[in-house]
Each structure stands twice: as C-alpha cells, then as structure tokens.
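Report on the following structure.
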Amino acid sequence: MGTVVDFRVMELLASRLCHDLVGPIGAVSNGLELMADDSMGMQDEALELASRSARQSGHALQFYRLAYGMAGNRVGGDFGALRELILNYVSHSKAQFAWSVDAIPDGLPDEAGKLLLNLVELAVESLPRGGKITAHIGSSDVGLFLAVTAAGDRAGLRDDLRIAMDDHVEVEDLSPRNVHGFFTRQLAKRMGTDLLLNEAVDDHIQFIVAFPLAKEDELEEAAEG
C-alpha cells in the first residue's frame, strides 16, 4: 500500500507542478512572439509581459525545488534565504507575506525549512480573496514550533485539502489540486511530529508543527550512543 501511495503521489505532484508552471512559461512565449511582430506597436507591453512571467516561473521553480525536491532536505537553517524565497513566491499571489521571527532557535530538524515552505503553500491556497500570511518560528516551554497564519476575507482550508490531510484519506481521494496537503502532513510525520490546524478565529487559519523537547533519558541515551 505504501509503495502504491508513494508512486501515485509522485505522479500527482508532477502534474501539479506542470500545471502551475505552464501558465507563466506560456506567457513568456506569447510575449516574445509579440515582440517579434511589432506590427501592433505593443513591444513595450510584450517585454513587460515576458519579463514578469519569466520572474514568476523562476520564483516558482526555486520554491518548488526546495519544497518538494531533495534539495529541500539539505537547506538546513538558512532561513534568511528561505525568507527571500517565500517573499518572491508569494508576491505573485493575492497575499502579502510577513516574517514574524526574532531569532531562529537552535535544535530545529534539518527539514524544518522544507516544511515551512509547504506550510506557506497551504496558506496561499487558504486565501481565495487575498490577505496576509505570517510565518512564526520559535520556542516554548515544551519545544520548538513552526506556524504559518493566513488571515483574510473567507480564509480557510478548502474541502479537498481537508480530505487530503485526513487520517483516513485514500489514494483515490488525491488529485493534483490537493496532493500537496497530503505531502505536507506526511512530511511532518516523517519528522516525528504532525500538522495541526487552528481555526478558532473567523477568517484566520493557522498551520502549526511542534517539535517537543527530548526527555532527559532520551538525551542521555543519545549521548551514550
């Protein structure tokens, strides 16, 4: 069952990425065609279209490379670079991005940056009318956490994404539109934790992943090992 799910998820993620990239890449091609034929006097507009679409596709490729690819497993704690990557990616959506992080706490797992990108992607899709996305990284008495908040008119998780993130989701329930929800939760589980939702406030949704502090006996065993 696990092998079938993994293969199906790979196919669906590939379909999703191609769908998201075909639009801006096609717009680059259209802009170049208009520039080649300037009979309508639209060369400036065509250049702007091609340039804007090239930036969008470039930002999306960089984002997806780390969010879904092996490169994201090695991003480590370079959250400064991730912040810039998220800003560029979100700039092509209806949302605005804010970085509510004073200092990055020590002890975050290696894949924390990859997980953060996936939480941001879920937040973008939770704002159908635009709004504000805020990333939080911090620590508490019980451990470390990542949290991404989406706030805006009618902010909320789509029904198909909620199905993809359910404990009892079936392979047949996944599609290119919701597979990233499944992927994000499985990524959190692979890191020994889970993805939680906070929907207590209207027009707000928060995606939270907590990393509990290791117990003293576990730390001693790790040191001895």
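Because the structure is predicted, anything quoted here is derived from the model rather than measured.
In this structure, Leu61 CG and Asp20 CG are separated by 10.5 Å, a value rounded to the nearest 0.5 Å. Atom CG of Asp6 and atom CD of Gln186 lie 8.5 Å apart (nearest 0.5 Å). Atom CG of Leu195 is separated from atom CG of Leu115 by 7.5 Å, given to the nearest 0.5 angstrom. To the nearest 0.5 Å, atoms NE2 (His180) and CG (Leu174) are separated by 11.5 Å. In this structure, Leu161 CG and Asp166 CG are separated by 12.5 Å, a value rounded to the nearest 0.5 Å.
Ring orientation note: the planes of Tyr64 and Tyr89 are nearly perpendicular, at an angle over 60° on the 30°/60° scale. Between His59 and His92, the angle of the ring planes lies from 30° to 60°, which puts this pair in the tilted group.
Hydrophobic clustering keeps Val201 apart from Leu122 (ILVMFWY residues linked when any side-chain heavy atoms are closer than 4.5 Å, directly or through intermediates). Note: the hydrophobic cluster containing Val120 does not contain Leu196 (ILVMFWY, side chain heavy atoms under 4.5 Å, direct or indirect links).
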Quiz item: ring pair (Phe, Tyr, Trp, His ring centres under 6.0 Å) between Phe145 and Phe211: does it pass, once the steps are laid out?
Solution: CA-CA 6 Å; Phe145 67 87; Phe211 304 98; 9.5 Å; no
Quiz item: Please walk me through it: do Glu45 and Leu49 pass side-chain contact (heavy atoms from CB on, under 4.5 Å)?
Solution: CA-CA 6 Å; Glu45 292 83 351; Leu49 171 64; over 6 Å; no
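Residues Arg8 and Glu170 are not paired through a salt bridge, judged by the lack of any N-O separation under 4.0 Å between the basic side chain and the carboxylate. Ion pairing between a basic and an acidic side chain is recognised when a charged N comes within 4.0 Å of a carboxylate O; Glu111 and Arg190 show such pairing. Under 4.0 Å is where a charged nitrogen must lie from a carboxylate oxygen, and between Arg185 and Asp167 at least one such pair does. A salt bridge links Arg16 and Glu125; the closest N-O separation between the charged side-chain nitrogens and carboxylate oxygens is under 4.0 Å.
Under the side-chain contact (heavy atoms from CB on, under 4.5 Å) rule, Leu117 has a single partner from Leu85, Thr184, Val148, which is Leu85.
Under the side chain to side chain donor-acceptor pair (under 3.5 Å) criterion, the residue pairs touching residues 195-211 are Thr149-Gln206, Arg162-Glu199, with sequence neighbours excluded.
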